[in-house]
Number of protein chains: 2
Amino acid sequence: MAQARVSTREVVLAAVGLFSDHGFERTTMDGIAAATGVSRRSLFRRFGSKEDILFAEHDELFATVVGYLDASPDDPLAAVRSAARMVFQGYVRDPEITLPRYHLVRAHPRLRDREVAMTARYQSAFSHYLTERAGAAFSLASGVVAASVIAAHNHVLRSWLREPGEDQETVWARFDEAMSYVSTAARPLLEPEGGSEPDRVLVAVYPSGAGNDEVLRRIGAALDPGGP
Amino acid sequence: MAQARVSTREVVLAAVGLFSDHGFERTTMDGIAAATGVSRRSLFRRFGSKEDILFAEHDELFATVVGYLDASPDDPLAAVRSAARMVFQGYVRDPEITLPRYHLVRAHPRLRDREVAMTARYQSAFSHYLTERAGAAFSLASGVVAASVIAAHNHVLRSWLREPGEDQETVWARFDEAMSYVSTAARPLLEPEGGSEPDRVLVAVYPSGAGNDEVLRRIGAALDPGGP
DNA sequence: CCCAACTCTGGCATTCAGTGCCAGGATAGA
DNA sequence: TCTATCCTGGCACTGAATGCCAGAGTTGGG
């Protein structure tokens with residue numbers, strides 16, 4: 001009768017089902033224990049808290065992502081971009097958990113805070129990684145870049161969570177587009193070309209139809225307002 | 001014997017003292033009730049939860065900031081920048097609460113999550129405000145800009161929390177510098193100059209010593225890699 | 001094969017956050 | 001003054017979370 005150990009995933013799926021059916025608050029640990037065959041005491045031991053059951057799978061992903069970053073020595077920004085892609089995939093490939101969790105999170109401020117804290121952990125990890133690679137002088141830039149990448153990630157993620165039935169290719173295209181958008185704007189912040197100290201940043205926005213000459217002309221005019 | 005109602009601030013200060021002295025977990029609501037003269041039941045009614053006592057003052061600030069944003073029709077980015085300044089001032093002007101809270105937050109993951117959730121609320125408010133003003137087409141940009149402003153704010157805030165004794169002018173100078181840094185880079189994302197649709201963004205970083213000609217030359221080279 | 005050390009599990013008891021209910025006192029308005 | 005309303009505090013209860021202990025299963029060494 002060697003009852004095989006009930007897997008983490010099985011418990012999470014059962015709990016998510018109960019939460020979705022009867023609400024998070026109204027679901028008790030005793031209920032989850034009864035539904036899974038795992039004792040209440042063991043649930044607390046293995047997951048820590050009722051909330052933690054909802055995010056248990058996510059924690060594994062976080063560990064994976066951090067491990068990936070640690071092993072990525074080149075092109076920190078590209079590594080962070082890939083890491084964000086891993087996170088996004090973590091959601092998309094497991095809708096059975098992430099979709100009901102999304103609806104639960106929307107309904108319960110407490111769970112929302114928890115979700116926010118998760119993404120903040122990624123942001124912090126990204127920021128520290130970038131600072132580590134780019135140097136302490138870039139800690140502000142690293143923080144801003146990490147925040148931007150996370151914001152772009154969340155932007156696309158939310159659209160998928162609201163419309164999960166959409167074509168996978170479309171979703172991924174949107175993700176990559178958002179990542180390109182933010183990482184293009186971010187790269188210069190982390191890699192000033194010269195080694196000289198306090199560089200200046202120039203940002204120009206111009207119509208996509210404009211030729212290089214026109215772009216140069218406008219920038220020249222902006223740099224030298226008093227000129228001819 | 002009309003016992004005057006104990007103010008929110010008095011309760012918060014007493015609770016912060018207890019938390020700091022005996023730890024957050026070990027401080028019970030009964031203890032806070034005994035220390036303040038407010039009944040345990042009324043504490044829950046007025047603050048909602050033990051955690052909420054720590055962040056009660058902060059909630060008022062949040063309401064103020066959101067009200068400020070709603071009443072700021074012009075130059076959304078400048079308004080957000082001012083809002084961030086208000087938040088920063090909310091911390092700096094009340095070290096009696098924010099400093100011990102910082103140390104508590106560092107020690108207890110749960111409280112840290114709560115703090116993170118607070119700043120996420122600001123970020124969300126900023127993002128929505130920017131999207132509202134700039135148009136739905138800029139929702140991604142709004143999210144990125146809001147995240148960047150918050151990141152810069154938090155960057156300076158953390159340095160103050162670690163070194164609260166520093167000269168006020170220095171602190172504020174650092175704050176304004178960080179805000180200039182991020183808002184300079186962010187403004188073009190929200191305000192493409194022409195009305196034409198999908199503009200392109202150019203970001204260049206160059207040594208502060210470089211003359212305008214040198215800057216133009218480099219940009220020209222970057223725009224036309226195959227050129228002479 | 002056997003015993004010992006270790007690990008994992010479940011049951012039990014306890015603490016304490018959080019909530020619903022109700023009664024008493026203060027206050028404002030007619 | 002009488003009444004409706006609000007705020008407070010006491011009481012009882014649910015349920016999350018933790019410590020303690022005992023039993024079952026597993027591993028490793030002799």
Side-chain angles (χ1 to χ4, degrees), chain A residues 1-12 14-56 59-60 101 104-105 107-115 117, chain B residues 1-12 14-56 59-60 101 104-105 107-115 117:
Chain A
M1 248 320 177
Q3 187 84 328
R5 174 193 168 98
V6 180
S7 73
T8 294
R9 185 174 181 81
E10 287 175 289
V11 175
V12 172
V16 165
L18 291 176
F19 292 155
S20 298
D21 290 348
H22 312 115
F24 179 78
E25 324 267 4
R26 302 188 46 155
T27 304
T28 69
M29 288 298 267
D30 280 318
I32 302 172
T36 58
V38 180
S39 79
R40 177 189 146 87
R41 190 64 186 86
S42 290
L43 287 177
F44 276 110
R45 213 189 317 268
R46 286 171 58 179
F47 295 93
S49 75
K50 194 166 79 169
E51 279 182 26
D52 286 338
I53 298 179
L54 251 187
F55 299 93
D59 282 343
E60 299 170 18
R101 187 174 67 197
L104 289 165
V105 160
H108 299 274
R110 253 194 192 132
L111 298 180
R112 178 192 289 267
D113 288 358
R114 192 63 162 58
E115 169 89 0
Chain B
M1 246 320 175
Q3 187 84 327
R5 175 192 165 98
V6 180
S7 73
T8 295
R9 186 176 179 80
E10 287 174 289
V11 175
V12 172
V16 165
L18 291 176
F19 293 155
S20 298
D21 291 347
H22 312 114
F24 179 78
E25 324 266 5
R26 301 188 46 144
T27 303
T28 70
M29 288 299 266
D30 280 317
I32 301 172
T36 58
V38 180
S39 78
R40 174 190 141 88
R41 191 63 186 85
S42 290
L43 288 178
F44 276 111
R45 213 190 316 271
R46 287 171 57 181
F47 296 94
S49 75
K50 195 166 79 168
E51 279 183 26
D52 286 338
I53 298 179
L54 251 187
F55 299 93
D59 282 343
E60 301 172 17
R101 187 174 66 197
L104 288 166
V105 160
H108 299 273
R110 254 187 202 146
L111 298 179
R112 178 191 291 264
D113 289 358
R114 191 63 162 60
E115 169 89 359

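Model, not experiment: these values are computed from the prediction. Below, chain A is the first sequence line, B the second, and so on; all start at residue 1.
With sequence neighbours left out, A/A117 forms a side-chain contact (heavy atoms from CB on, under 4.5 Å) with B/D113. For A/E60, there are no side-chain hydrogen bond (donor to acceptor under 3.5 Å, both in side chains) partners two or more places apart in sequence or in a different chain. Residues satisfying the salt bridge (charged side-chain N to carboxylate O under 4.0 Å, His left out) test with B/R9, not counting sequence neighbours, are B/E57, B/D94, B/E96. Annotation: side-chain hydrogen bond (donor to acceptor under 3.5 Å, both in side chains) contacts of B/S42 (sequence neighbours excluded): B/S39. Not counting sequence neighbours, the partners of B/A56 by the side-chain contact (heavy atoms from CB on, under 4.5 Å) test are B/T8, B/V12, B/F47.
One interatomic measurement links the two molecules: CG of B/L43 to C1' of C/dC16, which rounds to 14 Å at whole-angstrom precision. In this structure, B/K50 atom NZ and D/dA16 atom C1' are separated by 13 Å, rounded to whole Å.
Screening residues 30-55 of chain A for salt bridge (charged side-chain N to carboxylate O under 4.0 Å, His left out), with sequence neighbours left out, gives A/E51-A/R114, A/D52-A/R114.
Proximity of residues 20-27 of chain B to DNA chain D (heavy atom under 4.0 angstrom from any strand atom) is not detected for any residue.
Contact of B/R41 with C/dG18 (side chain to base): no donor-acceptor pair of N or O atoms is detected under 3.5 Å.
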Would you list the protein and nucleotides 5-8 of chain D atom pairs, both N or O, that sit under 3.5 Å from each other?
| from | atom 1 | to | atom 2 | distance (Å) |
| --- | --- | --- | --- | --- |
| D/dT8 | OP1 | B/R5 | NH1 | 2.3 |

B/I32 and B/F19: CA distance, side-chain angles, deciding distance, side-chain contact (heavy atoms from CB on, under 4.5 Å) verdict: CA-CA 9 Å; B/I32 301 172; B/F19 293 155; 3.9 Å; yes
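Side chain of A/F44, nearest nucleotide from D/dA16, C/dC12, C/dC21: D/dA16.
Each end of the helix from C/dC1-D/dG30 to C/dA30-D/dT1 gets its own axis, taken as the rotation carrying the C1' atoms of four end pairs onto the next four within a five-pair window, and the two axes meet at 10° to the nearest 10 degrees.
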